[in-house]
Amino acid sequence: MATNGNDNCNANDSVWQFRGNGATSDAAAVTLRKLVFGMFKNCNFNNGKTILPSTTHSFKTCPEAEEAVAAAVRSGMANSYAPSPGIFNARRAVADYLNCELPTKLRPEDVYITGGCNQAIEIVIDSLASNPAGNILLPNPGYPHYDARAIYSGVEVRKYDLLPERDFEIDLDALEAAADKNTVALVLINPNNPCGNVYTYDHLKKVAEMAKKLGIVVISDEVYDKVVYGDRPFVPMGTFASIAPVITLGSISKGWVVPGWRIGWMAMNDSNRILKNAGVVESIEDCLDLTPQPSFLLQEALPEILEKTPKEYFAKKNKAMKRNVELSFERLRDIPCLFCPKKPESCSYLWLRLDTSVLANIENDLDFCTKLVSEESLVLVPGVALGAKNWVRISIGTEESELAETFDRLKSFYSRHAISKETIKSHVDTVNQIVVAVV
């Protein structure tokens, strides 16, 4: 009988000297991708319901972006390898794009092209991981890819809170208390995912001053800079580079609704040459030599995308987002277990507090989301994945018809799991008091 060579091949046999890298498992365990895609296993594919949110009813990118990519393909100019920092025209176009709002202008050499914002996160954290005892300050809630990469790179994660009662401003006192002599950086997400707030000029200046006091670099994630629909204007953190060095991370994934294109950037706002003198810029360039290059095709298309997309495209999309926020708040009145402390001004999500006390047999946010996807084929992100227990993040960057279906399913799920009406009425009265206090 054939054995396929397995009779002497026992993985537990001590003769084999290789093992999987446990660091990858530890890091992957906290990624959003691991959790969300894992939740799809709980979907009931026989209930006749499509999985929401879908990709077919989300906002579309603009024709100018699509044509720029098609033109890059037809040109035949992007079929070779690109230089590690990115092609010059793409770096120049990003510098011009960012310089519109910066007092100290970037040069093309200050910009590095990456495979989306996630690769930029990985390169920046790896480049700062020179101190074995080093730590990095991350927002809570926040984007878990920062946690994952820090874990993988051996950088200790320390958290600072965002304060719901103060429009999710950074708790600067707590941030300072979390820092020590081994702190290398703080991460700022503005516009903020998942909270949907936009930081003021004055608050960002205080953040820069705190970074200077602590002697650390600010990593400013600005991937949602084109998804702002509230009254508060977006202020780039690079505005304060004369106070403290700032590494700006960005991409076209959110503003142009093309996350699968995987094209982004890092920009060194380093007017005092602090990053340069500390060897950080050199380390970033070395990291770029070690990692896969972003698509040459997308780099070739990037100048056309950034320069020729009409302002009307963003205005129309953001107007629709603002409308979706209003529709969502109307529908939330029928779902007392979910409460949004502040209408978002940016991004494409609602950040909702979950009250399990009005639900039967729902233990926490993860349990809520797991049962929701099983019963309704509706995927929400549990707050625990973003660092906040008993919160959930719901995507509203879609057409009104799909948004209505989303809330229909949420209402149906709530109706099945709600406890007595008397208890719910008491809860609603409490929520109304909170709303009055917030307003």
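A cation-pi arrangement is not found for K205 relative to F240, the charged atom failing to lie both closer than 6.0 Å to the ring centre and inside a 45° cone about the ring normal. Remark: K319 is not positioned above the aromatic ring of Y229, lacking an NZ or CZ atom under 6.0 angstrom from the ring centre and at most 45 degrees off the axis.
For E399 and K60, the salt-bridge test fails: no basic side-chain N is under 4.0 Å from an acidic carboxylate O. In summary, D96 and R92 engage in a salt bridge, as defined by a charged side-chain N under 4.0 Å from a carboxylate O. Under 4.0 Å is where a charged nitrogen must lie from a carboxylate oxygen, and between D180 and R158 at least one such pair does. Salt bridge absent: E312 and K316 never bring a charged side-chain N and a carboxylate O closer than 4.0 Å. Taking 4.0 Å as the cut-off between side-chain N and carboxylate O, R91 and D110 do not count as a salt-bridged pair.
For F234 and Y224, the gap between ring centers reaches or exceeds 6.0 Å. Two rings, from F368 and W391, have their centers 6.0 Å or more apart.
Counting non-hydrogen atoms of other residues, nucleotides and ligands closer than 6.0 Å to CZ of F168 gives a total above 12. Within a 6.0 Å radius of CD in E282, no more than 12 heavy atoms belonging to other residues, nucleotides or ligands are found. The environment of K206 atom NZ is sparse: at most 12 non-hydrogen atoms of other residues, nucleotides or ligands sit within 6.0 angstrom.
M321 is listed as a side-chain neighbour of I396, based on a closest heavy-atom distance under 4.5 Å.
Between Q119 and P294 the shortest heavy-atom distance is OE1-CD, 4.4 Å. L366 and T370 get closest at one heavy-atom pair: O-OG1, 2.7 Å.
With sequence neighbours excluded, no residue forms a ring-ring contact (aromatic ring centres under 6.0 Å, His included) with F88.
Y143 and N118 form a side-chain donor-acceptor contact under 3.5 Å, judged by distance and modelled atom types alone. Looking at N131 and N182, their side chains do bring a donor and an acceptor atom within 3.5 Å of each other.
Residue pairs satisfying the salt bridge (Lys or Arg N to Asp or Glu O under 4.0 Å) criterion with at least one member in residues 165-178, sequence neighbours excluded, are listed as follows: R166-E169, D167-R232, E176-K213. Listed by first and then second residue, the salt bridge (Lys or Arg N to Asp or Glu O under 4.0 Å) pairs involving residues 369-394 are K49-E376, D367-K371, E375-R416, E376-R416 (not counting sequence neighbours).
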